[in-house]
Amino acid sequence: MNSVCSTSNEHPVKMKVPHLKRLKRLSLGGFSHSGSVFMLNNEDRGSHETLEGIGILEYLTESRGFWKSRTEFIFAGIAYCVGVGNIWRFPQKVLIHGDGLYLIPYLVMLAVLGLPMVYLETTMAQFSKSNLVNVWRCCPILKGVGISMMTMCTLMHTFYPVIVTYGLIYAAYSVSSLLTQADDLPWVACPGDSCGPRAFLNITNQSRAELFWEKSVIMREDLTTWTDLGSFSLPVAVGLVLTWFMVFFSVRNGLESTKKTVFFIVPMTSILLVTLLIRALTLPGASIGLQMLIPSHFEKLADQAIWKDATDQVMFSLGIAYGGIIVLSSYNSFHNSTHQDCVLICLVDTGVSLITTVIMYCVMGTYALETGTTFGETVKKNSGTPFVAFSEALSRMVFPAVWSVLFFTMLFLVGLASSFQTVLANLTTLKECWPSLNHPKVPLTAIACTGLFLLGLPLTTSRGSNLVGVIDFYGVGFPILVLAFIETMGFCYIYGIPNILSDIRMMEGDKAGDSLYYRITWFFLPIYCLVVIVLYIVNWKHPVFEQDQEYPQWTVWFGFSVLFLTFSPTVGWIMWVVGSTLVKGGSLRDTLRPEGTWSPALGRGCCDGCLANYRLRKLDLESLSNMDLCRQRGALCVSLEQTGFDQPNSLPSL
């Protein structure tokens with residue numbers, strides 16, 4: 001568009017706006033429209049409250065969508081962070097380390113690693129309103145990190161929906177028992193010689209819940225070689241279809257459909273979780289389990305394993321370096337109080353983990369009381385398979401079908417929410433980096449969901465649960481630490497903590513940008529991540545399965561190929577940028593400096609003087625006032641050509 005928008009007080013400002021029908025649905029306050037031309041009335045040009053209140057500026061400058069309120073972002077953040085890892089992975093870590101002593105390193109890591117990294121990612125994304133790739137305009141040499149994050153999330157979503165599907169299967173069996181008024185749950189009534197449609201050998205030392213898991217859920221066969229993956233498990237395959245169908249409908253319309261889904265899932269899971277907690281605390285053996293949460297054996301704090309597990313769990317639970325937080329935060333209003341939102345999301349995520357741990361210990365204590373076994377024996381027996389542990393423990397409660405329906409429905413919903421938030425992050429990045437994919441005739445969402453479903457289909461075979469361990473270890477476990485290290489290096493050391501803090505001052509005010517806590521934690525983040533990576537490599541052990549059996553050699557090579565696939569975009573981009581810079585006779589320092597298109601979302605409609613002041617970091621009161629005034633006037637102070645809207649990789653032009 002070539003029109004120059006005047007800021008004169010004598011005539012109203014005109015600008016053509018796309019998507020007229022959507023815009024007409026907004027309450028336009030000081031705007032009037034004629035055809036596709038909207039006019040900003042003179043008396044409302046400087047009214048920041050009027051414009052921000054109706055959200056018209058966000059629409060004019062961001063056709064990609066935005067959160068209309070802080071509540072929407074908080075709900076989306078909670079839905080993204082709270083997942084299957086909170087329900088079974090965190091309690092399992094506590095059980096492995098014996099008691100509540102594990103909570104000490106976890107809370108420490110949450111304070112020094114979790115919250116600072118969540119706030120760091122949220123700040124960079126909200127400031128620039130950029131996706132996983134474009135957020136690295138602040139450090140062009142690391143743009144490949146965003147692609148590596150997308151690759152890792154793709155690998156994770158080959159197996160994560162399968163785990164979510166297990167919850168759906170158990171919920172379906174529980175509903176069936178409830179509707180048929182069966183005397184026992186299926187995994188309780190399962191006899192040793194006829195559970196499931198297939199024969200299984202060597203079952204003498206297995207509980208009925210374990211038999212049900214192996215013969216009716218994953219339908220494991222007695223396979224002699226790893227070259228034979230076995231037959232498909234019909235319940236898991238059908239459940240996986242339903243799971244991806246729900247994910248597709250949750251993201252088919254982008255941000256709008258996501259909003260509706262999270263506003264259902266978050267309150268529903270909260271109600272289910274509180275209901276289960278109240279019931280668990282009233283169980284006869286609850287006190288036995290809760291006693292085990294009292295920390296003891298403090299000498300274990302000197303063991304690096306417990307700190308490594310705490311670090312791993314914090315990053316996995318909050319979704320750090322996966323990219324979801326970056327994309328969700330990019331939809332925020334520029335002046336959103338990011339810090340308060342991050343604190344709340346982290347507290348809710350940790351609270352859910354603690355509540356599920358209390359529930360786990362209460363039901364396991366009841367199980368130990370009724371069976372006469374010690375609590376330690378019960379934990380040792382069931383910690384290997386969380387679904388077996390929870391199903392067997394829930395069967396000991398009064399009205400077990402009701403509580404099983406509630407628990408496994410909650411497990412499925414939180415896993416589903418995390419899945420579609422991550423898929424949304426990848427789709428957003430693809431559509432914005434390659435606009436041709438956003439064509440109506442290219443059903444990108446359907447193609448992506450179908451492709452991920454097909455990649456996950458081999459994991460529904462008899463060997464599927466074993467392959468999950470390989471992909472999890474090589475494709476997600478170690479790579480997430482490396483990507484977190486590179487991310488913190490790029491943001492904190494190359495772009496610089498002083499620049500980040502000045503960006504925060506622009507968004508949230510001087511008080512938010514003068515935090516000593518974040519100055520210290522951000523400085524040590526790359527160092528700590530590097531230490532954990534070194535310890536990880538020094539103590540490197542290939543994953544094992546079932547009774548400490550080692551995986552065959554071909555799975556190890558498969559795992560290293562997954563590692564190569566994850567890191568190749570980062571390494572390849574660095575090599576290409578360095579090579580092209582040297583060929584052109586440029587300086588490598590230029591690859592570490594922000595691109596010309598890197599600017600605050602606030603200033604994308606500002607005049608050249610305001611943007612020059614920002615790039616020179618002349619952020620005095622007068623400069624900020626001028627920049628804010630430009631933004632308040634609706635990005636109408638200069639021509640679009642002068643602001644750089646028409647440059648490649650810039651925001652969509654108005």
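Heavy atoms only: backbone and side chains are in, while hydrogens, waters and symmetry mates are out.
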Would you say the side chain of Asp341 lies within less than 4.5 Å of the side chain of Thr122, judging by non-hydrogen atoms?
no
Would you say Thr338 and Thr123 are linked by a side-chain donor-acceptor pair, where the criterion is simply a distance under 3.5 Å?
no
Under 6.0 Å between the ring centres of Phe420 and Phe249?
no
Can any side-chain N or O of Ser130 pair as donor or acceptor with the backbone N or O of Ala125 at less than 3.5 Å?
no
Val405 and Thr409: which non-hydrogen atoms are nearest, and at how many Å?
O-OG1, 2.5 Å
Check: Gln126/Ser329 side-chain N/O donor and acceptor closer than 3.5 Å
no
Give, for atom OG1 of Thr350 and atom CG of Leu115, the distance between the pair rounded to the nearest 0.5 Å.
9.5 Å
Say you draw a straight line from CG of Leu168 to CE of Met246; how long is it, rounded to the nearest 0.5 Å?
6.0 Å
Closest heavy-atom pair, Asn426 versus Leu132, reported as atoms and distance to 0.1 Å, is OD1-CD1, 4.1 Å
Could you please spell out the steps behind the side-chain hydrogen bond (donor to acceptor under 3.5 Å, both in side chains) verdict for Ser148 and Thr570?
CA-CA 6 Å; Ser148 290; Thr570 300; 2.6 Å; yes
Do any N or O atoms from the side chain of Thr269 and from the backbone of Val266 form a donor-acceptor pair under 3.5 angstrom?
yes
So, Tyr322 side chain and Met149 main chain: donor-acceptor pair closer than 3.5 Å or not?
no
Check step by step if side chain to side chain contact (heavy atoms under 4.5 Å, CB included) holds for Gln340 and Arg70.
CA-CA 10 Å; Gln340 297 176 12; Arg70 289 178 59 190; 3.4 Å; yes
Given the rule in the side chain to side chain contact (heavy atoms under 4.5 Å, CB included) test, do Tyr166 and Val84 qualify, once you have shown the distances and angles that lead to the verdict?
CA-CA 11 Å; Tyr166 294 153; Val84 175; over 6 Å; no
Side chains of Phe73 and Ile345: does their closest heavy-atom pair fall under 4.5 Å?
yes
Nearest heavy-atom approach of Phe491 to Ile500 is O-CD1, 3.3 Å
When the ring planes of Phe127 and Phe334 are compared, do they come out parallel, tilted or perpendicular, using 30° and 60° as the limits?
tilted
Can you find a side-chain donor-acceptor pair between Trp136 and Tyr495 that sits under 3.5 Å?
no
Would you check, one step at a time, whether the test side chain to side chain contact (heavy atoms under 4.5 Å, CB included) holds for Leu318 with Leu110?
CA-CA 9 Å; Leu318 293 174; Leu110 179 68; 3.9 Å; yes
With side chains defined as the heavy atoms from C-beta onward, is the minimum distance between Cys139 and Pro594 less than 4.5 Å?
no
Assess the residue pair Tyr160 and Thr422 against the criterion (side-chain hydrogen bond (donor to acceptor under 3.5 Å, both in side chains)); give the C-alpha distance rounded to whole Å, side-chain angles, the decisive distance to 0.1 Å, and a yes or no.
CA-CA 11 Å; Tyr160 188 82; Thr422 307; over 6 Å; no
At what distance, to the nearest 0.5 angstrom, does NZ of Lys93 lie from CG of Leu103?
14.0 Å
Is any side-chain heavy atom of Trp244 closer than 4.5 Å to a side-chain heavy atom of Val164?
no
Take Met410 and Ile87 through the side chain to side chain contact (heavy atoms under 4.5 Å, CB included) test and state the conclusion after the steps.
CA-CA 9 Å; Met410 178 189 65; Ile87 305 300; 4.0 Å; yes
Sub-4.5 Å side-chain heavy-atom contact between Ile326 and Asn131
no
So, do Leu427 and Thr445 sit near enough that their side-chain heavy atoms are less than 4.5 Å apart?
yes
Heavy atoms only: give me the nearest Val262-Pro267 pair and the separation to one decimal.
O-CD, 3.8 Å
Any Asn86 side-chain heavy atom under 4.5 Å of Ile355 side chain:
no
Would you give the length of the straight line joining atom CH2 of Trp67 to atom NZ of Lys259, rounded to the nearest 0.5 angstrom?
6.5 Å
Quick check: closest heavy atoms across Gln421 and Ala79, and the distance to 0.1 Å?
NE2-CB, 3.9 Å
Hey, does Trp522 have a side-chain heavy atom less than 4.5 Å from the side chain of Cys492?
yes
Could you check Leu452, Leu424, Val247 and say which one makes a side chain to side chain contact (heavy atoms under 4.5 Å, CB included) with Ser419?
Val247
Please report the interatomic distance OH(Tyr517) to NE2(His339), rounded to the nearest 0.5 Å.
7.5 Å
Is there a donor-acceptor pair under 3.5 Å between the side chain of Glu121 and the backbone N or O of Ala321?
yes
Quick check: does any side chain N or O of Trp403 sit under 3.5 Å from a backbone N or O of Leu276, one acting as donor and the other as acceptor?
no
Before accepting this row, confirm whether a basic side-chain N of the pair Lys260/Glu72 lies closer than 4.0 Å to the acidic partner's carboxylate O.
no
For residues Phe75 and Phe263, establish whether the separation of their ring centroids is below 6.0 Å.
yes
Determine yes or no for a side-chain-to-main-chain donor-acceptor pair under 3.5 angstrom, with Thr158 supplying the side chain and Leu155 the backbone.
yes
Once rounded to the nearest 0.5 Å, what's the spacing between atom CG of Leu455 and atom OG1 of Thr450?
11.0 Å
For Pro569 and Thr151, which heavy atoms make the closest approach, and how far apart are they?
CG-OG1, 4.0 Å
Angle class for the Tyr170/Phe408 ring planes (parallel below 30°, perpendicular above 60°, tilted otherwise)?
parallel
